[in-house]
Structure formats: C-alpha cells, structure tokens
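For reference, the structure is listed below as structure tokens.
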Protein chains: 2
Amino acid sequence: MRISNDELGKQAYKRVKQMIVSKKLVPGQKIVQEQLAAQLGISRTPLRDALQMLEAESLVESIPRRGVVVRKFSNEEILEIYDCRIALEGAAIRLFVKEASDAAVGSLRELIMPFKVDRPINENAYQKADSKFHDTIIKNCGNRFLYNLFQKGNLLTCIDSIGLVRAPEETLQEHMAIIEAIERRDVSAAVEGIQEHLEKSKRLILKNVKDGN
Amino acid sequence: MRISNDELGKQAYKRVKQMIVSKKLVPGQKIVQEQLAAQLGISRTPLRDALQMLEAESLVESIPRRGVVVRKFSNEEILEIYDCRIALEGAAIRLFVKEASDAAVGSLRELIMPFKVDRPINENAYQKADSKFHDTIIKNCGNRFLYNLFQKGNLLTCIDSIGLVRAPEETLQEHMAIIEAIERRDVSAAVEGIQEHLEKSKRLILKNVKDGN
DNA sequence: TTTTTGTATACTGTATACAAAATTATTATT
DNA sequence: AATAATAATTTTGTATACAGTATACAAAAA
C-alpha cells in the first residue's frame, strides 16, 4: 500500500501553488530551486516538475538560465480574464440550466442563502462562497473540457487573488437573481444574469484603472 | 550539449508535439522515455520536461509509475471543445471587429479568397487556411489571455486532427460571409456568423456520433 | 565619485545513478 | 494445458553529479 498515490512532483505542485495563492510567494519573487526544494524536503527534480506545471498554468514565468519568478497579473490582464470568463461562464450556465440536477442547483442556494440573513457579512467567507458559486456552475455544466480549461487557465484563481471587487451587498443580490433564474430553468435570464454580473465587476476595475488605481 | 538558445526541454516539447499532431505518435501509444529520448538524442531529463508540458496541454496523459500515453479525443470531447470554441471565438470576433486593423482584416480575405477561384479546391490547403482563419481572428482580437488560453488548450489543434468536417464548398461561403460582416464592422453579424459556422460542424459530428460513426 | 574588469560564488540545465515498481519471461504445480 | 509462483528485465521516479552561465563583489581605471 502506497502512502500517497501522488508522486512528489504533483505534491510539490499543489504545495507551491498554495504558497502562491496565499501570497507566501509574492509576484515578482524569484524562486531559488535548491532553497525551495530543501524547504519542501525534496530534491530539485520533482520541484522542477512542479515549476514546469505552474509555468504551463502561467502562475510562474521561467526565464532560461536565469530562473523562475512568480508571475504577477496586471490590471489589463485581469480585464482580459474577465472577458474570457464572460464568454465561458455564459456557455457553462447555459448548459447548467438545462442539465444540472436539482441537487446541484440546491447546493448553489445553500452556498449563498446564509449571507442573506447573517449580518454583518463576513467578507472572507463571502468571497470563498462567491468563488465556489462560480466553480459549482462550471464544474456541473456537464462539459468536462470547459471545466478543465477553466482550471488550467486559473480563470478563478487569478481574479480571486485581487480580493473582493464589489461590496457583498451588491453582488449578493445578483447571485440570488441568478439562482432564481436557474431554478425556473430560464436559460436567457441566467446567461444574462451571470454575464452582467461579471461585466459590472469588470467595468469597476476598468474605471479604477483609468482613475489610476 | 547546447544546440540553440532554447533549452532542450522546450525543443523536445516542440518536436514531440509535432510528432503527435502529425500522427507519428498515435493516440493510445505508450511513450517509453529512454527510447524516445535516445531517438531525439537527449537524456530523459529534458524529455520528461517536454512530456510534462504536453500533459499540461492534455495532449498526453501520465499514469503514475506506468508511463505516459498519447491522448485520444473522443467524439464526446470534440463536441465539448466545439462549445468552448463557440463561446471563445464569439468573444474574440466581437473584439476583433471593433479593434482589428484593416491589415489584419485584409489578411483574412487573402487567406480565403484564392479558394473562390481555384477549382477544384485543394482540401489539404483549404484546411490549413481554415485553421489559420480562426487563428488569425483570435490572435488579433487584442485579448492576449484569450489567445494563450486557446493555444494552451489546443482548441484548434484537437479539432484539426480529425480533418475537414464539412465540404469546403459549404464552409467557404460561410467564411466569406464572416469576412464581409467584419469588413462592414457589423459585430452581431460577425458573432452570429462564426458561432453558427461552428455550430453547424458540431451538429454534423453529433449526427455522425448518433448514427454510430 | 563612477565605470570597468576580473574573479569567486551561486544557480541552472542536463546527464547519470539508483532504488522501487511494473512488466515480461520462466518455472513449478496441479 | 492452464494457472500460480517466482525470477529476470524493463521502466519509472527521484537524487545527485557536473558543466556551463549568470550574478555579486572587489579591485583597478577613468
């Protein structure tokens, strides 16, 4: 019996990714292989495997013969990601409305409902729920390829890393409207709802960029 | 043992990828590392780097302790990819129509026009032009992230590998209609045009699947 | 001072070594 | 002859060794 069925490279991938999203490794920081490998208790070989995977996900950038640095996402790139999300999540929710089980739909409600009653809203918890809300729709839309594309592209991760864009009170209402549209199996309202929801956040970021952060 | 400024891993990635798309390595085939490394004249280390990259792109599947095999795309997956393309290329062409230079638009026309006069249509050449047509729109839409997502997801590569889905005579007309919509900067006609263009191919594949290949 | 050059050190990319697991071949047992 | 058990071989994952490149830093020149 194997202790862990993951090989070291995959394990390291998860741990380093976690270090990046939790900002233990900050954007722009150079990763010294031997150092990080020692810290993880492994050799450079599986660490390099991990870095290779992270590079494929654009979480890290490798400059030949110079090393790998944690990638940072510019505001322009965040806007680009929003456009990808609008397109892909539109497609995902269209499928989700048509094919998702009542259980999956129910889990969406359970995710968001608590925040309608508990005041004040715990921003940290809300952001997690927000993330999971979108993830649930994409994961359960029935298109596996789309979900993988989303995951491997870190469409959610990248945007999560900038924190809440708008006030929970504002987006909570939108989330509820989307859930209701799904529940009455209203495809166009659901698509419209999620796309406008994302568009609003995008517009706010765009505005902030123009005003110089 | 330095041949170019690319490191061996990146070089090997390109060569092995080429071997996969050109069917020199066929889906389902197991890759024996030492063997392929020797064939490429490198050691296992950079080859493993290459395989790691290919796995991140889903062109290859790695089963721990058992090896890596060339991935094959089922018909179901091809259909899933079409839905992703419909979503993303819709977004891309929307941006392209608004922002692309006249030169970029012109290059689209140059790509397709020759096939309107030369008869009979060279299917091989046409497929290449078809691929380039879509690639041009995505590459020049101004959203770099979207283009990278497309590339890394191999959305075009996967579908190209199954060959022409419909007769050139049929799709040629659609391509021309799309170009004309772009030229008169008609966003909704262009979006509609490319999405319906893809939808038609998807429906044909779906039909073939139902009829049992 | 600032710039340049030389040298030591650190780090990366690649090859190789080695143990553990998987696969294949061989023998033994019914 | 079919199945099980065992040994031999292959192959993978990981660690380590090594060569070459980049970086840091001190001494010399401007």
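Below, each value reflects all heavy atoms present in this structure, side chains not excepted, and no hydrogens, waters or symmetry copies. Labels below follow one simple rule: chain letters A, B, ... track the order of the sequence lines, proteins then strands, and each chain is numbered from 1.
Every residue was checked against the ring pair (Phe, Tyr, Trp, His ring centres under 6.0 Å) condition with Tyr82(B), not counting sequence neighbours, and none meets it. Arg15(A) pairs by the salt bridge (charged side-chain N to carboxylate O under 4.0 Å, His left out) definition with nothing, not counting sequence neighbours.
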Could you list the donor-acceptor pairs under 3.5 angstrom formed between side-chain atoms of residues 16-26 of chain A and any protein atom two or more places apart in sequence or on another chain?
from, atom 1, to, atom 2, distance (Å)
Lys17(A), NZ, Tyr13(A), OH, 3.3
Lys17(A), NZ, Glu57(A), OE1, 3.1
Lys17(A), NZ, Asn154(A), OD1, 3.2
Ser22(A), OG, Gln18(A), O, 2.8

Using atom types as modelled, flag every donor-acceptor pair under 3.5 Å from a side chain in residues 92-103 of chain B to any protein atom, sequence neighbours excluded.
from, atom 1, to, atom 2, distance (Å)
Ser101(B), OG, Ala104(B), N, 3.1
Asp102(B), OD1, Arg185(B), NH2, 3.0

Using a 4.0 Å heavy-atom cut-off, write out nucleotides 6-16 of chain D from 5' to 3' as B (base contacted by protein), S (sugar-phosphate only) or - (no contact).
-----SBBBBB
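Sequence neighbours left out, not one pair with a member in residues 137-160 of chain A passes ring-ring contact (aromatic ring centres under 6.0 Å, His included).
To the nearest angstrom, P of dG13(C) lies 9 Å from CD of Gln52(A).
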